[in-house]
Every structure is written in C-alpha cells, then in structure tokens.
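Quick note on labels: first sequence line is chain A, next is B, and so on, each numbered from 1.
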Amino acid sequence: MSDRTAMTDLLRLARQGAVFLLLAALAALFAWAEPAFLSVPNLMSVLLAVAVVAILGTGVTLSVAVGGFDLSVGAIAASAVMAASYAMVVWKFGAVETVAFVLALGLAAGLLNALMIVRLGVPDLLATLAMNFLLSGLQLIPTAGRSIAPGVVLPDGSRAAGRFDPDFLLIGRARLFDTVPLPVLLMAFVALAAWVLTERTRFGRLLFATGGNEEAARLAGAPTARLRVLAYALSGLLAALGGLVVAARIGRGDVSSGASLLLDAVAASLIGYAVLNARRPNVLGTLVGAVFVGVLLNGLTMLNVPYYTQDFVKGAVLVGALAMTYGLGRRAG
Amino acid sequence: MVTIIAPPATPGLVAEGIAKSFGGTRALAGVSLAVRPGEIVGLMGANGAGKSTLVNILGGALRPDAGRLWLDGRPYAPASPRAAIAAGVVTLHQSTERIGIPGLSVADALVLDRFADGRSGFFVSRAAVRRQALAVQARAGFDLPLEADFASLGTAGRQLVGIARALSASPRLLMLDEPTASLSAAEAERLFAILEELAGRGLAILYISHRTGDLERLAHRVEVLRGGVVAASLPRPVDFGVALSAMIGRDLARGQGAARARPEGPPVLALRGLRLRPGLPPLELEVRAGEVVAITGPLGAGKSRLLRALFGADSVAGGVAGGEILLDGAPWRPRGPAEAIARGVHLAAEDRRRSSLMPPGWPGSGIAATIALPHLGRWFPGGLLRAGTERRAAEHAIRALSIRAAGPFAGLETLSGGNQQKVVLARWLAETPRLLLLDEPFQGVDVGARAEIIATLRARTDIAVLVATSDPAEALDVADRSLVLDEAGLRPLAPAALPDE
C-alpha cells in the first residue's frame, strides 16, 4: 500500500517535472555531442531566438486565462514590424515616436478584438482568426506588397527618404554587459510582470475566474466584460512589442517576418500547460515552453539536422506536451 | 437480506431491495417497488430521498450495490443507459435541451437516435427522414410540425418529441422526471391525457414529481421515498396529507415548532407591490434582521427571479416590471452584483457548480480562494494577494461551519456536496451581509450538513435571510416564516392549506 503510494508520488513528481527533466536531458545530450552548446554566447542566442515567441505567447496565455484565445498575435506582430518600418522610412519618425505609434496600434488591434468578442458576441477563436486575416492583408497595402527598406519605391512612384533610427535598432541589438541581449531582458521583464499579475494579484485571480466560470465571476461582482477587454488589450500590446523587437533586429520591414510567429506563440502557451503539470494556461509554463522549443531547435541545428524539419519538431513537441497534459495527467491525476 | 428471491411472474418492472451508497452516504437502503403494465406510479420524495439515484439505477446510469430488478419476469441488469433503452426502459429527463439540436428540424430530432445507431444508411435524404419521422410520430399519435426548427418548439413540444422518440423503441417502462416543471397548465393537461392514453395501451409509467396536483390527477398509486427506503405506498385515492407527512417524516405542522418570536425592528428588506413580470400579481414582503424567511413554490414561479432581481444579477430591465424594493427603508435598484455586494446584499445562487465554483484544478478552485472571490477588492486593496488573509478566513469558515476538508487550500472537487455548499455559504458570510439571499441552498446536501447549515443561518441575529427552495419540507425546516410563491402571488405556507388527514 505504502509502496503504491510512494510509486504514485514518484509518478506525480515525474509528471510535474517532466518538461524540466526533458530539458536537462536534451541539454546534456547536445552538450555531449557539441560542447559549444553550453557556451554563454550560444545560450544567449537560444534565448534571443525565443524572446519574441515568449512575449507573444504571454499575450496568448492572458487571453486563454479569461477563457478566450487570441489567434491574432502573429498578424499583430507582423503588422507592427511593417508599421515601425513604414513610420521611420516613410514618415521619418524617430525611435520614441515609432515605439509609441506601434504600441498604440497593437493596443487598438487588441481593443478591436475585444469589441468584436465582448460587445458583438463573436466567438473568441473566430474573431481573432478574422483579425489575423485582416491584419495580414492590411500590412501589405501601404507598400503595395513590397518589403520596407530605406529607399523603397512607394506605390505613388516616389522613393522613401527616411531610414531606421539607430536608437530604434538598439532595441534588437543592444546587450547588457555585452552579454545579455535587450530582447532577452524584455522577455524576462514581460514574463515576470505577467507572472506577478496573473498569479499574485487580485486582478489575476479575477482574470482566471472569468475564464474558469464567467457566471460565477460575474455573480461575485467581477467586471467580467472589462477583464476580457483588458486581457485582449494586453495581448495586442505584447504582440506589438514582439513586432518592435523583430523590426529592430532585422532592420527592415520584411513582409514575411511574422509567418511562423502565431503558431510558435500558441505552441509555447500550450506546452506551458504541461509544465509542473499545471494543465491550465500559465505564464511560467509559456516561458519554459518557448525556451524548450528554442533549445531543441538550436541543438538540432548544431547537430546538422536540416532546417526544414523544424516545424515538424515543434509540432511533435506540442503533440507530446498536450498528450501528457490531458491523457496521462488525467488518468493518473 | 441474503434471501434468494424467485423471479416474480408479474409483468412490468419489479425492484427488490435496491441499495446504493456513495462514499459514506447511503442514498438507497433497500427499495422495493413494482410498476405494472398500464399503471401510472407516482414517485415522491424530498431532496436527497433517493429519487434520482433510483431513476438512474432503473435507467442504467448507475449499478446498484445490492438488490435485483426484473422486467416482465426476466432479470434486468442494464449495464448502460443504452442497454436500458434496448431492454425497453426509457427515461425522459427534466431538461429538454438534449432532445434535439437547434438548427435541425423537428423531423431530424425525431429520428436522431437512428442516425447515431446505424439504423439509417450512411446517406440520408430529406424524404427518408420525413418518412421515418412520420412513422415515429404516427406510432405515438402526435401531430408535430415536422419541418419546423427544433429551437422553435417550446418545452412542451420538445417533451413530445422526446416521448415520441422514446415510444418508437417500443418501451415497456417510461420514466418521467418532473415533466411539468416548466409547462403551462394547458400543456400539462395535454401531457397527462397523452400519458393516460399510453398507459391505456399497456405502458408502465413511473412519474417522478413533488407536485401533489399532478399526482392526484394522474397516479394510480404513489410511492413515497424517504431516507433511501419506501416510506409509504398509497393507492388511489391518494391521501396527500399522509404522503407529505411520509415524505417529511413528521407532521407538517411540527416544522413550525422551531419558530421564534418575530424580531423587533424595521424591515431590512421590504417589497411594496413588486411585480417580477407584467401581469403577475404584486408581491408584498418584509424581512427583518434575525429572521429567516423561506419562499417555496413550483419551479418557474419566480423564486429565483425574485432573488436575482434583489441582487441585480440580471439587467435591471429583466428583473423588475413594477412596484418597489426597499432596502433599509431606501429604494433599492442594484445595477449589478458589485453594487449589491458593496451594500451587503449577498446571493448564493442556485446550482453551485455553475453559479459559484471554478473548474477543478483552475486557479481559485480551492476553499480559501472560493471564499475570497467576492471580497478580493476589500481584502487586498493594494492588488497583491496575501495567502495568510485568505487562509485565516478559510480556517475560520472550516471551524465555524464544520467543513470536512483536508485543509484551507483543498480543492472544492475533493469535498462532498454538503461541504461544497457550506463553502459557498461561508463565502457570503465572510463579510457580514445585511441581507443574505440563498437560492436552493440544499441542492445535493445530505441531511446532516443541511441541519448544520440551518443552525448556522438561524444563529445569526444580525442579518436578514431570504431562502428560496422548491421543497416545502426544507422551507419549514429552515425558516421562521414560510411563504408560497405561485401564479396567485405570495401567501403563507400554512399546513392547514395542505390536504388534511
């Protein structure tokens, strides 16, 4: 009997720590195969590669916490890349104006999502999927489908005279102590702030209450409509921040820059369900989920696994994490 | 109880010594019952008497711990609801939403089970569906609008669809669970006529209801369940005074024995000619601090609507059609739950799982967080949660209400129904209310926990308590004054008004 209890305890522990154990095992494997894997520059490049996905995934996680799902973060981020580039290259905005403009756009997109969902009653997935479609198309219109770089030819035939503000590029390229990239710091700050908000404040409790049982939250006096608006507004804002980081890193407005961001962010958020066997949206899990995928891709690339297998690998991780969360977790839990 | 019983040669359904326990709670303690072809048997019982457990066992949803069942002289042990239907035992549940699908036609709803079990081919044509639906309908002798959208049917129409579908399976026993709960008098009468005709054709019918009127009209015999056994079996003409006494376990009049002197002081809550809907009679009511008032009456009479209106749970327009509500002498028109809670009007709404609790494992699904939810703003004005504050409130509630739980952070799903209900009550007592509104507070609560909840409520002399319950026995147990709310308005629930011995 006690043996069985000990066994179940061990199983439970294994399930809770499964993602961490796998992460450690992967790191050990990659370090054995390629010692450079564990070098600080390489680890920083892993984190830099996942920073944007983690920031977007945090927004998705907030939307799932209120019982919705934000599928527009990819297009919002991509639009943010184009908007930032357009603002600087065509309108000659400086770094500060550009950041303010793009964040305002992200916020507006999030509020538009919320308007459709909360006011018009469109189901979350449909509203945000439609918004994803809308913004994916809208971002192409100002430049007639061209990528934006200094000197780009505009639809009216003139040449854009502006350029990327060097201060703006620092967002993507500056490093703290010449080691930690600014996007990684931004990711850490976003994750920490969102974690405190969701897990340690009464607003977080009410966000989850809205997502868990909206009627119960409402009858407990929670302003559930406003909480849902807040979650989508934050998600839009974070997606725009992610877009700013992408624009500052690549230094041009690339029309294809947001292509895989949505699925990666959603995957990070969903892999997060398996972290500590939470089986619910959680910010820490989202961060770990993003890093997990980053480590895996980085290590496989080092081992010369071809780049075209990346999406397959990500999908396999997601399928495994969800199976673990729902299938095994439920049976043993 | 280890006697071997020879299979009875009687046709119809025979149950012998059916027992069923859930954990430590004994829901059925040896029920014996027979329903013969052509017979309509009424089944009465207070909440927790074991009615739904019995129906679930007969319908194949639960397996009995002990006892045996026979159908038409053959042993009957359904492994699933499907097996029960195949054997000829069909249940028509109270909720009619699951009978059909909005957007599909009534004809589709009539033959829905054939789509699922492979009796219709892979391709379905409208003509074939219509032909089958007509056959189903002819068999039942109904005349339903086959082309109409299922969603356009009222409850009565949906029930007929359910009955027609049930009859197409040539059942031996039809069980109906509170079928008239949301029917108008005329619709109910139509249903009764149909049931009588079906009984005349040799169907055995088990009719579960609290409503003495329905049973008086319909039942050839009434079986009263109490505490998991048949407390009385009454042939026609049924004496409902005896039936109600058997259901409650004592004379109705004795429920009032616990009544106290009415407290002094101005009313906390006063209704002055309040109309919940245009055309309904105006309501007059006063509730003072230290007083527990219960409102009973049939489902759909407006008990919940009244409580929700007092709490501002729905939009103001949906709550009140006229008249006035006074709270401590001042007009009271809450714009929403937040305003009501701020003024000390607390509502523990009916169906706690839907109205009060978080899903298992979700943040806020523990005892401490469940209690804290409406009070977060008051307890944590800075925004940051402090586990200590929540823990102390939970520990206090666990002591004060004798909640049996592993600890202050235990998940609600690990608690029994009675203890869950105590946590919901603790939520609304954590900050002292002025007016406490409880809607069906004893749903799924065992007798012991119910007594503890009642003792807690009656011990509070500082708050006015208004309880809504569809069970008159509960009303008499909990309240200083009990009222009936129905189409005629609010009037006292006087034992004398009930059928007399």
Q: Answer with side chain, backbone, both or neither: which region of A/Ala209 has an atom nearer than 4.5 Å to a non-hydrogen atom of chain B?
A: both

Q | Any donor-acceptor pair under 3.5 Å from B/Trp362 side chain to A/Arg280 backbone | A | no

Q: Tell me, out of B/Leu376, B/Ile341, B/Leu357, who's got the most heavy-atom pairs with chain A below 4.5 Å.
A: B/Leu376

Q: Counting only heavy atoms closer than 4.5 Å, note whether B/Ala387 contacts chain A via side chain, backbone, both or neither.
A: neither

Q) Would you find more than 12 non-hydrogen atoms of other residues, nucleotides or ligands less than 6.0 Å from B/Arg460 atom CZ? A) yes

Q | Region of B/Arg354 that comes under 4.5 Å of a non-hydrogen atom in chain A | A | both

Q. What is the minimum heavy-atom distance between A/Gly221 and B/Ala338, and which atoms define it?
A. O-CB, 3.6 Å

Q | B/Pro381, part contacting chain A, at a heavy-atom distance under 4.5 Å | A | backbone

Q | Between A/Glu199, A/Glu215, A/Arg205, the one whose heavy-atom pairs under 4.5 Å with chain B are most numerous | A | A/Arg205

Q.
What part of B/Ser355 gets within 4.5 angstrom of chain A, counting heavy atoms only: side chain, backbone, both, or neither?
A. both

Q | Contact origin within B/Trp428 toward chain A - heavy atom pairs under 4.5 Å | A | side chain

Q | Residue, of B/Ala340, B/Gly382, B/Ala369, that accumulates the most heavy atom pairs under 4.5 Å with chain A | A | B/Ala369

Q: Considering non-hydrogen atoms only, spot the tightest contact between A/Gly212 and B/Pro359 and give its length.
A: O-CD, 3.3 Å

Q: Test A/Arg202 against every option in B/Leu384, B/Leu373, B/Leu385 by the side-chain contact (heavy atoms from CB on, under 4.5 Å) rule and name the one that passes.
A: B/Leu385

